[in-house]
Every structure is written in structure tokens, then in C-alpha cells.
Amino acid sequence: MGETQAMAELVWDIRAALGEGPVWDHRSGRLLWVDIEGRRVHFYDPSEAGGHRTIQLDRRVGAAVPRTGDGLVLAMQQGLYRLDLETEQLTKLHDPEEGLEGNRFNDGKCDEAGRFWAGTMNLRESEPTGSLYCLEADGSLRRVLEGITTSNGLGWSPDNSTMYYIDTPTRRVDAFDYDLASGELTGRRTVVSYEGEKGFPDGMTVDNEGMLWIAEWGGWQVSRWNPLTGERIGRIPVPAAQVTSCAFGGEDYGELYITTARSWIPDEQLAEQPLAGGLFRARPGVKGRAAGFYGG
């Protein structure tokens with residue numbers, strides 16, 4: 001099972017419906033994350049000033065990433081948008097699935113070359129109608145993978161030679177050989193299998209040692225896996241069943257921020273996990289690195 005490496009402490013009891021997509025913005029010293037079903041973008045400030053901020057949107061938001069310039073890029077219910085943080089106005093960039101009402105955008109993340117990778121999911125999570133897209137820094141969009149049911153966690157090895165990817169219902173993590181210069185994926189293979197596990201693999205991040213940290217939907221934990229052996233080598237228990245994603249942050253990237261959800265949990269079960277939907281933090285004893293921002 002792997003050793004317990006840390007305890008998750010609650011840092012924001014916000015009771016998100018579906019917290020997701022944490023990303024540390026080292027420029028502001030804040031954590032950016034979303035509540036998909038609550039249609040909100042959150043900024044958590046861990047400093048003593050604690051200047052948290054929430055932007056309420058009018059539709060679901062699957063992921064939000066900082067731009068190297070001003071503002072954010074969002075993967076929303078339908079399409080990709082730029083968000084101006086001063087005016088809170090949205091500007092549409094692309095909608096590659098116009099007319100596909102049964103899909104929505106879900107998780108997304110930027111690579112170190114400034115590309116924004118974001119995938120779609122089937123709202124019933126029953127049909128492989130989703131795809132993985134790559135928004136290039138020049139503003140062009142390409143579809144990279146098809147036949148996806150629930151596009152989820154993304155991550156890159158420390159040397160950027162491998163990209164890791166989760167389609168949650170497959171209960172596995174796949175790896176690709178990755179060319180950072182071109183953004184091309186080749187050599188798909190499975191490196192982690194969740195067959196027989198209680199939880200489903202959801203969001204993911206990679207530490208400086210190249211190990212995978214995977215949030216477990218229904219698993220009450222974040223677990224650490226070695227992608228070279230396929231073994232679980234550590235875990236952090238979380239006092240919420242639906243653990244959705246994680247990201248390293250803090251001044252030294254030694255803090256692991258963890259998002260959770262409270263949607264679709266019956267009231268009697270919520271009584272057993274009153275902190276569900278909260279934002280948590282742990283110090284696992286290893287570090288991550290700076291997040292990629294969108295270069296366009």
C-alpha cells in the first residue's frame with residue numbers, strides 16, 4: 001500500500017461542489033483553482049494577509065491556467081476562453097465541439113513551452129465522446145487524442161521527455177514519449193493500473209523525483225506512484241471521499257495542495273465528511289516545480 005507520508009490539513013473550508021485544477025502562481029504567491037459545478041474560479045492566498053478571491057461565472061469551468069501575460073485561459077463548459085482579471089470579462093478563443101451538447105471541457109494544464117492541454121468528457125461518463133486538445137501559444141488549436149470518456153489528469157516528467165495522462169474510467173495512467181519542442185506524442189503505454197483499487201484516478205501532478213501524485217475519486221486519499229515500476233509508494237489520507245486533484249506550491253514547492261468535491265454525495269454520507277469540498281494542504285517531504293503558464 002505504501003507508507004503514509006503526511007497528513008492533509010484543511011486550509012479553506014469553502015465546501016466546493018466540485019473543486020478541481022489547482023495550479024500555483026509563483027508570481028502572486030497564490031493558488032488558482034476552480035469549482036466546476038459552482039462555476040467559480042478561486043484564488044487562495046496563504047500569506048497572513050489571506051487575500052482570497054472568487055470570480056463567479058455563468059457556466060461550468062473545467063480548468064483555469066495563468067497566462068504569461070495578464071489574465072487566465074479557461075476551459076469551460078463549451079470552448080476555451082480568455083478571462084480578464086480586471087473586468088472579469090470572457091473572450092472566446094475556440095469551441096472545437098460546437099453542437100456536442102453531451103460533452104464539456106474538464107481538466108487542463110500547461111506544458112513548459114506554453115501550450116495549454118485540455119480535454120473534454122462525456123457528461124454521463126458513459127461514452128467515449130471526448131477528446132484531448134492542445135492550444136498552441138500562437139493561438140491555433142489541434143485535437144491530439146480521440147475516444148476519451150473523462151479526460152482528466154495531466155503531467156510531465158521533470159525532463160519533459162514523458163507526458164502522463166488519465167482517462168478516468170479506464171482506471172489507468174498512460175504515458176507518451178513527449179517532444180517539448182513540437183508538442184508531439186508517441187509511444188503510448190500504460191504505466192499505472194487502478195484495477196482492484198477502491199478509488200478512480202482523477203487529477204495528477206509530478207514531483208521532482210519523477211513520481212506521480214494521483215488524486216483518487218472515491219478513494220479518500222492522494223497516492224504516490226512510481227511510473228517505472230507501476231507500484232504505489234506512498235499516500236496522504238484526506239478527510240473527503242472525492243479527492244479530485246493536487247498541485248505543488250508554496251515558496252519552496254514543498255506543499256501539496258489538494259482539491260475535493262461534495263457533489264453527488266448523499267446527505268447521510270456528507271455527515272461523515274463535513275469537510276468535503278474543502279481545499280487541503282500537506283507537506284509530503286518531496287517537492288514539485290514551477291507550473292507552466294499559457295504563452296499566448
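Note that the coordinates shown come from a computational prediction; the quantities given were computed from them, not determined experimentally. Values below: all heavy atoms of this structure, side chains included; hydrogens, waters and symmetry mates excluded.
Both Phe280 and Val286 are part of a single hydrophobic cluster, where members link through side-chain heavy atoms under 4.5 Å apart. Under a hydrophobic-cluster definition in which Ile, Leu, Val, Met, Phe, Trp and Tyr are linked whenever side-chain heavy atoms come within less than 4.5 Å, directly or via other members, Leu72 and Leu135 are assigned to different clusters. Grouping the Ile, Leu, Val, Met, Phe, Trp and Tyr side chains by contacts below 4.5 angstrom, directly or via other members, places Ile166 apart from Val65. A continuous path of Ile, Leu, Val, Met, Phe, Trp and Tyr side chains, each step under 4.5 Å between heavy atoms, connects Leu18 with Met76, placing both in one hydrophobic cluster.
No side-chain donor-acceptor contact under 3.5 Å links Ser245 and Thr259. With 3.5 Å as the limit, one finds no donor-acceptor pair spanning the side chains of Arg289 and Tyr253. No side-chain donor-acceptor contact under 3.5 Å links Thr149 and Asn122. One side chain, Ser157 or Asp159, offers a donor N or O that lies under 3.5 Å from an acceptor on the other. Under the 3.5 Å distance criterion, with hydrogens and angles disregarded, a donor-acceptor pair is assigned to the side chains of Glu216 and Ser223. Using modelled atom types, one finds no donor on one side chain facing an acceptor on the other under 3.5 Å when comparing Thr244 with Asp202. Looking only at atom types and distance, the side chain of Tyr178 has a donor-acceptor partner in the side chain of Asp111 under 3.5 Å away. Using modelled atom types, one finds a donor on one side chain and an acceptor on the other under 3.5 Å when comparing Asn160 with Glu112. A side-chain donor-acceptor contact under 3.5 Å links Glu97 and Thr120.
Taking all atoms of both residues into account, the shortest heavy-atom contact from Val34 to Ala64 is CG1-CB, 3.8 Å.
Residue Leu123 shares its hydrophobic cluster (ILVMFWY side chains chained together at separations under 4.5 Å) with no other residue.
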Practice prompt. Take Tyr294 and Arg67, measure what side chain to side chain donor-acceptor pair (under 3.5 Å) needs, and give me the verdict at the end.
Written response: CA-CA 4 Å; Tyr294 178 61; Arg67 296 177 64 224; over 6 Å; no

Item to complete: List the steps, then state whether side chain to side chain contact (heavy atoms under 4.5 Å, CB included) holds for Leu154 with Asp107.
Response: CA-CA 8 Å; Leu154 289 154; Asp107 210 352; 5.5 Å; no

Fill in: Verdict with reasoning, Asp174 to Thr190, per side chain to side chain donor-acceptor pair (under 3.5 Å)
CA-CA 4 Å; Asp174 286 356; Thr190 297; 2.8 Å; yes

Practice prompt. Walk me through it: do Leu85 and Arg53 pass the test side chain to side chain contact (heavy atoms under 4.5 Å, CB included)?
Written response: CA-CA 11 Å; Leu85 293 179; Arg53 179 183 179 187; 4.0 Å; yes

Worksheet entry | Residue pair Glu195, Ser193: steps toward the side chain to side chain donor-acceptor pair (under 3.5 Å) verdict | CA-CA 6 Å; Glu195 285 304 317; Ser193 171; 5.2 Å; no

Discussion item. Walk me through whether Leu279 and Trp33 qualify under side chain to side chain contact (heavy atoms under 4.5 Å, CB included).
Written reply: CA-CA 9 Å; Leu279 177 67; Trp33 59 292; 3.8 Å; yes

Practice prompt. May I have the step-by-step check of side chain to side chain contact (heavy atoms under 4.5 Å, CB included) for Arg60 and Phe105, ending in yes or no?
Written response: CA-CA 9 Å; Arg60 292 184 182 117; Phe105 268 97; over 6 Å; no

Worksheet entry | side chain to side chain donor-acceptor pair (under 3.5 Å) assessment of Ser151 paired with Asn106 | CA-CA 6 Å; Ser151 190; Asn106 196 41; over 6 Å; no

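Note: Leu83 CG to Leu74 CG = 5.0 Å, rounded to the nearest 0.5 Å. Rounding to the nearest 0.5 Å gives a distance of 7.5 Å between CG of Leu100 and CD of Gln78. Considering CH2 of Trp24 and CG of Leu32, their distance stands at 11.5 Å, rounded to 0.5 Å. With values rounded to the nearest 0.5 angstrom, Arg40 atom CZ is found 7.0 Å from Thr54 atom OG1. Taken from CG in Leu31 to CD in Glu255, the straight-line distance is 10.0 Å, to the nearest 0.5 Å. Atom CZ of residue Arg232 and atom CD of residue Gln221 lie 5.0 Å apart, to the nearest 0.5 angstrom.
Side chains of Phe43 and Asp25 form no contact here, defined as non-hydrogen atoms less than 4.5 Å apart. Side-chain contact between Asn152 and Pro201: absent, with no pair of heavy atoms (C-beta onward) separated by less than 4.5 Å. Proximity of Tyr165 to Trp117: side-chain heavy atoms (C-beta onward) are nowhere separated by under 4.5 Å.
Electrostatic pairing of Arg124 and Glu127 does not count as a salt bridge here, judged by no charged N lying under 4.0 Å from a carboxylate O. Checked for salt-bridge contact, Arg189 and Asp177 meet the test: a charged N lies under 4.0 Å from a carboxylate O. Taking 4.0 Å as the cut-off between side-chain N and carboxylate O, Glu37 and Arg262 do not count as a salt-bridged pair. In summary, Arg224 and Glu209 engage in a salt bridge, as defined by a charged side-chain N under 4.0 Å from a carboxylate O.
A donor-acceptor contact shorter than 3.5 Å links the side chain of Thr260 to the backbone of Gly277. Looking only at distances, no side-chain donor or acceptor of Asn226 sits under 3.5 Å from a matching main-chain atom of Glu231. Without hydrogens or angle criteria, Lys109 side chain to Met204 main chain gives a donor-acceptor distance under 3.5 Å. In this structure, the side chain of Asp207 engages the main chain of Met211 through a donor-acceptor pair within 3.5 Å.
Taking the six-membered ring wherever Trp is involved, the centroid distance between the rings of Phe116 and His94 does not fall below 6.0 Å. With ring centers used as reference points, Tyr194 lies under 6.0 Å from Trp225.
Under a cut-off of 6.0 angstrom, the local environment of CD in Glu268 is crowded, with over 12 non-hydrogen atoms contributed by other residues, nucleotides or ligands. Counting heavy-atom neighbours within 6.0 Å of Asp70 CG, excluding the residue itself, gives a total of 12 or less.
Because its NZ or CZ atom is both nearer than 6.0 Å to the ring centre of Tyr81 and within 45° of the ring axis, Arg59 counts as a cation-pi partner of that residue. Relative to the ring axis of Phe200, Arg171 places its NZ or CZ within 45° and under 6.0 Å from the centre.
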